Asks: 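Below you'll find the structure I mean.
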Amino acid sequence: MNDDTCASISESVDFIRAMIAADNASGKYGGRVVTRFPPEPNGYLHIGHAKSICLNFGIAAENQGVCHLRFDDTNPTTEDTEYVESIQNDVRWLGFDWGPHLYHASDYFQQLYDFAVELIRRGKAYVDSSTEEQIRQRRGTINEPGTPGPYRDRSIEENINLFDRMRRGEFDDGTHVLRAKIDLAATNMKMRDPLLYRIRKGAHHYRTGDTWCIYPFYDFAHCLSDAIENITHSICTLEFENNRELYDWVLDNVGLMPPRPEQTEFARLNLTYTVMSKRKLLRLVQEKHVKGWDDPRMPTLSGLRRRGVRPSAIRAFCQEIGVARTHNVIDLARFEHIIRDDLNLDVPRVMCVLRPIEVIIDNYPEDLVETLEAPYYPRDVPRQGTRAVPFSRRLLIERDDFEESPPKGWFRLAPGTEVRLRYAYIIRCERVVKDDAGRVIRLHCSYDPNSRGGQASSDKKVKGTIHWVSENHAVRVQVRLYDRLFVSESPDAEDGDFVRALNPSSLEIVEDACLEPAAAAAIGTEFSHLQFERQGYFSLDPDSQPHALVFNRVVTLRDSWGKRQEKETVPQTPPTNAPSPRSASSSKPTTAETDVEQELSDDQKALRDRIVAKGVPSREARLIACHPGLAEFFEDACDEASDARAVAKWIVNELLRELKSRVLSSLAFDGKDLGRLVALVTQGTITHTAGKEVFAAMLAGQGKPEAIVGQRGLEQSTSASDLAGIIDRVLHEHAGEVAAYRAGKVALMGFFVGLVMRESQGKANPSSVRSLLQAKLDA
RNA sequence: UGGGGGAUCGUUCAAUGGUAGGACAGCAGAUUCUGGCUCUGCAUAUCGGGGUUCGAAUCCCUGUCCCCCAGCCA
């Protein structure tokens with residue numbers, strides 16, 4: 001999995017890997033990397049989980065770390081060993097190994113209980129004996145703060161006593177819960193005294209049995225399980241963002257200090273034409289819209305496995321789609337592309353006629369059977385192997401490969417036209433036989449004996465090549481053709497119920513497909529997959545019997561002809577250029593000025609007016625006036641720099657960014673220092689570019705501006721000849737770019753300026769650089 | 001309407017303040033005994049408005065849109 005080809009192909013890494021690399025560099029966890037995949041055993045794993053598995057196990061492997069498999073089994077009412085087994089099976093199948101690191105949250109129940117008691121002792125948790133409804137009421141809403149209930153201030157002793165009795169099973173479900181004592185008015189709803197433990201007296205846990213009458217919630221159990229296992233990076237999906245504050249709170253309040261696990265969220269995988277929530281998948285199974293969790297139309301790993309998708313394809317897919325924090329919906333076509341790509345170079349090609357129509361070769365001897373040797377692989381697949389294909393007078397071809405009145409561009413068989421039978425002869429359709437209903441039942445053809453594949457005179461060209469089988473030699477097999485489970489690109493977004501978007505023809509069963517005999521003999525032993533030429537990749541379904549083979553279509557081949565037909569018959573409604581919601585601009589330009597104006601206090605207004613009086617635009621003045629202490633800082637700076645406007649720009653555009661994460665007083669420099677830096681720039685002692693470098697150094701606490709300029713030799717270089725030298729060298733070293741620039745790619749200007757600026761270490765004046773460059777390039 | 005996130009080709013992932021690039025999808029062509037594979041080429045994007053800068057997808061201000069949070073689920 002950890003192959004360096006991948007690493008070298010993609011130079012950039014995702015934000016999580018970048019963060020871990022930074023943690024390793026800083027020694028935050030002493031170079032340890034421990035991740036975990038924490039499924040709840042209440043459903044089957046799906047392709048979305050695969051993304052998380054590949055991420056967690058992949059990151060661990062890349063960093064010589066380990067990844068734990070931990071069952072998050074804190075809810076006895078929904079969990080089951082059936083799921084535990086399928087999950088382990090699926091992770092292993094995907095190609096990952098947790099070694100000895102198989103864990104269960106239920107293993108930690110005693111420790112978690114002890115942590116809860118510790119929280120109570122610290123006055124950070126209490127037993128609430130309100131009803132479920134009362135708790136909901138008192139939680140408030142998004143807009144209104146919650147209100148404390150009558151049990152919030154119970155004594156520590158009473159809480160411990162009650163919690164102990166909850167544990168002993170003295171109370172019924174729903175009569176008491178343990179809650180964290182945080183803040184019922186918190187803006188983060190997750191912090192409004194979240195529930196930590198509930199009573200599940202009668203429930204039977206699949207591992208701990210009836211030992212426990214109380215069970216911890218996710219927010220309590222998960223972070224502590226991570227901590228117990230010494231996880232370093234706890235990676236989860238975006239919907240847990242709000243839970244992170246609580247994650248940290250619990251670890252803080254049971255007294256766990258850094259280095260300790262930290263949670264990072266990424267965007268889960270979504271696929272077009274697919275539902276991914278466990279709830280919905282469970283419903284598909286329970287309501288029998290599919291045949292089970294492993295129905296080949298399901299996005300579950302067991303479904304994909306049964307369909308014939310290989311784990312290597314899923315791994316490649318997860319690698320391809322990347323990891324980010326943006327909500328995404330991956331085009332199903334992209335998954336299909338990867339599946340084909342994964343199979344293309346490995347899978348032998350054979351012939352199978354799905355919907356046969358009979359072909360009689362009138363001029364072929366009645367009893368002759370020729371045995372043709374046909375390669376398993378096309379020339380572009382570097383593999384060896386052939387099989388024998390019997391040819392005789394009575395053949396079967398695909399019904400779709402004959403058209404009585406062909407459309408333009410038709411390469412296949414039609415009355416009077418020729419087509420090549422793959423690896424065999426060229427035939428011509430001489431006569432069409434129909435039944436009473438007018439349906440074509442048989443084609444009489446002639447063949448050209450000199451056109452056999454591989455023979456000297458076989459280079460006769462025909463447009464089309466079709467697959468076929470000899471009728472008497474064909475093996476009848478069942479073929480299951482799968483299509484997307486939903487007709488809607490986003491079934492989740494369907495009005496009403498997602499099952500209404502189910503594709504009624506997601507499964508088509510072909511009972512008597514005709515497979516060439518060699519393929520029937522080799523599948524299941526020699527080969528796990530076959531390509532039925534021109535149709536798709538197929539795998540053997542476990543329903544197969546020795547003489548009743550069942551094939552699943554893994555994925556179709558790309559079909560540019562089919563696409564073309566589709567477009568001609570179904571006139572596409574032109575893509576409605578509905579305005580993208582995100583680009584919808586407001587029709588009423590709101591006046592930003594007045595909005596901010598309203599928030600200004602009288603004092604702030606006075607400050608702003610003083611700043612404006614120095615010649616600073618009101619917009620910037622307002623920003624400075626709003627920030628505590630900034631106006632004084634500004635005025636100090638103005639004492640050192642004559643240009644108040646310039647000082648304001650530096651403060652607004654450079655300093656304000658820093659002030660988002662720390663307060664003014666924590667800066668290693670004062671207003672006067674900043675003022676002198678601004679003066680250095682406005683007087684032309686250093687360039688603006690160098691000024692920014694100095695500013696960064698000042699932020700880093702590296703001293704006064706003058707000292708930094710001195711140390712680094714940042715005084716503006718005025719030597720025109722030096723500059724000319726640098727420019728000549730840069731242009732000489734980048735002749736290709738120069739040519740491209742002269743050919744019209746003027747965007748390259750920034751590239752050249754950047755190079756020259758870097759060469760001069762920011763000392764050159766960028767304006768002069770630009771004009772000199774311009775002159776040279778235009779010359 | 002509170003808080004937390006997000007916004008780059010049709011989709012998706014990139015781009016130390018310095019050439020907006022890749023993949024899939026699309027289109028056109030080459031090749032082909034699979035209308036497959038492969039190859040070549042084309043088109044299409046920085047949410048809007050201001051500002052800073054020689055230079056902004058990236059920094060500052062502001063607006064808009066989308067997602068998540070009010071389970072005794074995870």
Side-chain angles (χ1 to χ4, degrees), chain A residues 10-12 14 40 42 72 74-75 78 132 135-136 139-144 146 173-174 177 186-190 192 195 197-200 217-218 222 238-245 265 267 272 320-331 333-334 337 340 344-345 349 378-381 411-412 420 422-423 453 458 462 464-467 531 533-535 557-562 564 575 580-586 589-590 592 595-596 619-620 623 649 652-654 656-657 688-689 692 737 740 745 747-755 757-758 765-771:
Chain A
S10 55
E11 288 171 17
S12 62
D14 59 74
E40 184 190 9
N42 68 347
D72 215 343
T74 56
N75 185 354
T78 56
E132 195 174 339
I135 288 175
R136 193 180 4 255
R139 190 149 32 215
T141 68
I142 280 171
N143 298 310
E144 306 152 26
D173 289 12
V177 288
T187 51
N188 180 353
M189 296 295 290
K190 287 278 185 279
R192 316 247 265 225
L195 276 54
Y197 270 88
R198 77 282 219 183
I199 300 171
R200 286 286 173 273
F217 283 96
Y218 168 85
H222 196 87
L238 246 26
E239 64 269 27
F240 291 99
E241 269 171 331
N242 297 314
N243 301 58
R244 189 175 59 228
E245 191 180 354
E265 312 86 19
T272 55
E320 267 256 330
I321 57 174
V323 180
R325 284 180 70 86
T326 316
H327 290 283
N328 62 77
V329 186
I330 306 286
D331 195 338
R334 216 162 138 188
H337 175 264
R340 289 186 197 105
N344 179 32
L345 261 27
R349 274 65 165 172
R379 70 199 170 291
D380 49 280
V381 172
F411 292 171
R412 286 112 95 152
R420 173 174 288 283
R422 176 127 243 225
Y423 306 123
S458 67
V462 286
T465 298
I466 63 173
H467 60 279
Q531 183 193 104
E533 290 213 44
R534 308 206 300 134
Q535 311 204 79
L557 258 27
R558 267 189 79 214
D559 181 9
S560 47
W561 170 253
R564 185 172 145 188
S580 163
R582 64 164 82 113
S583 64
S585 54
S586 64
T590 50
D595 284 354
V596 179
R619 228 177 80 95
E620 284 156 7
L623 286 167
K649 280 179 182 174
V652 169
N653 290 298
E654 305 296 333
L656 232 38
R657 162 169 68 252
H688 188 270
T689 312
K692 286 175 80 165
E737 281 81 2
K745 190 161 181 178
L748 247 17
M749 189 49 147
F751 170 71
F752 293 126
V753 175
L755 288 171
M757 290 303 292
R758 203 165 306 139
N765 180 302
S767 301
S768 338
V769 170
R770 183 167 285 262
S771 48

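Residue numbers start from 1 in every chain, and the chains themselves are labelled A, B, ... in the order their sequence lines are given, proteins ahead of strands. These figures come from a predicted structure and were not determined experimentally.
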Asks: Any idea which of B:rA25, B:rC72, B:rG3 is nearest the A:Glu132 side chain?
Replies: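 Nucleotide nearest to A:Glu132's side chain: B:rC72.
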Asks: Would you state whether a donor and an acceptor, one from the side chain of A:Asn242 and one from the base of B:rG5, lie under 3.5 Å apart?
Replies: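 Side chain to base: no pair present.
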Asks: For B:rU38, does OP1 or OP2 lie under 4.0 Å from any side-chain N or O of A:Arg340?
Replies: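 Result: no.
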Asks: Taking 5.5 Å and 30° as the limits, would you call A:Phe752 and the base of B:rG18 a stacked pair?
Replies: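 A:Phe752 vs B:rG18: stacking no.
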Asks: Among B:rG22, B:rU16, B:rG4, which nucleotide has an atom closest to any side-chain atom of A:Glu241?
Replies: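 Ranking B:rG22, B:rU16, B:rG4 by closest atom to the A:Glu241 side chain puts B:rG4 first.
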Asks: In dot-bracket form, 5' to 3', how is RNA chain B paired? Count Watson-Crick and G-U wobble pairs only if both distances fall under 3.5 Å, and write | where the partner sits on another strand.
Replies: .((((((..((((....[..)))).(((((.......)))))....(((((..]....))))))))))).....
Asks: Taking the same atom, C1', in B:rU58 and in B:rU16, what whole-Å distance lies between them?
Replies: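 Between the two C1' atoms, the distance is 11 Å.
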Asks: Identify whether the distance between the nearest side-chain nitrogen and carboxylate oxygen of A:Lys190 and A:Glu245 falls below 4.0 Å.
Replies: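 Salt bridge flag = no for A:Glu245 with A:Lys190.
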Asks: Remember a base hit wins even if backbone is also touched, and classify A:Arg139 as base, sugar-phosphate or nothing at under 4.0 Å, heavy atoms.
Replies: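 Sugar-phosphate contact only.
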Asks: For A:Asn328, which contact category applies under a 4.0 Å heavy-atom criterion: base, sugar-phosphate, or nothing?
Replies: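 The answer is sugar-phosphate, as A:Asn328 gets under 4.0 Å only of primed atoms, P, OP1 or OP2.
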Asks: Report the nucleotide, chosen from B:rU32, B:rG6, B:rG35, that has the shortest atom-to-atom distance to any side-chain atom of A:Trp561.
Replies: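 Of B:rU32, B:rG6, B:rG35, B:rG35 is nearest to the side chain of A:Trp561.
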Asks: Give a yes/no on whether any side-chain N or O of A:Ser560 is located under 4.0 angstrom from OP1 or OP2 of B:rG36.
Replies: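 Checking B:rG36 against A:Ser560, a side-chain N or O does come within under 4.0 Å of OP1 or OP2.
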Asks: Between B:rG35, B:rA20, B:rA70, spot the one nearest the side chain of A:Ile142, thanks.
Replies: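 Selected nucleotide: B:rA70.
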Asks: Indicate yes or no: does A:Glu620 engage A:Lys649 in a salt bridge with an N to O separation below 4.0 Å.
Replies: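 No.
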Asks: Of the nucleotides B:rG18, B:rC54, B:rA74, which has the atom closest to the A:Ser767 side chain?
Replies: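 For the A:Ser767 side chain, the nearest candidate turns out to be B:rC54.
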Asks: May I ask whether A:Phe751 stacks on the base of B:rG18, given the cut-offs of 5.5 Å between ring centres and 30° between planes?
Replies: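 So A:Phe751 does not count as stacking on the base.
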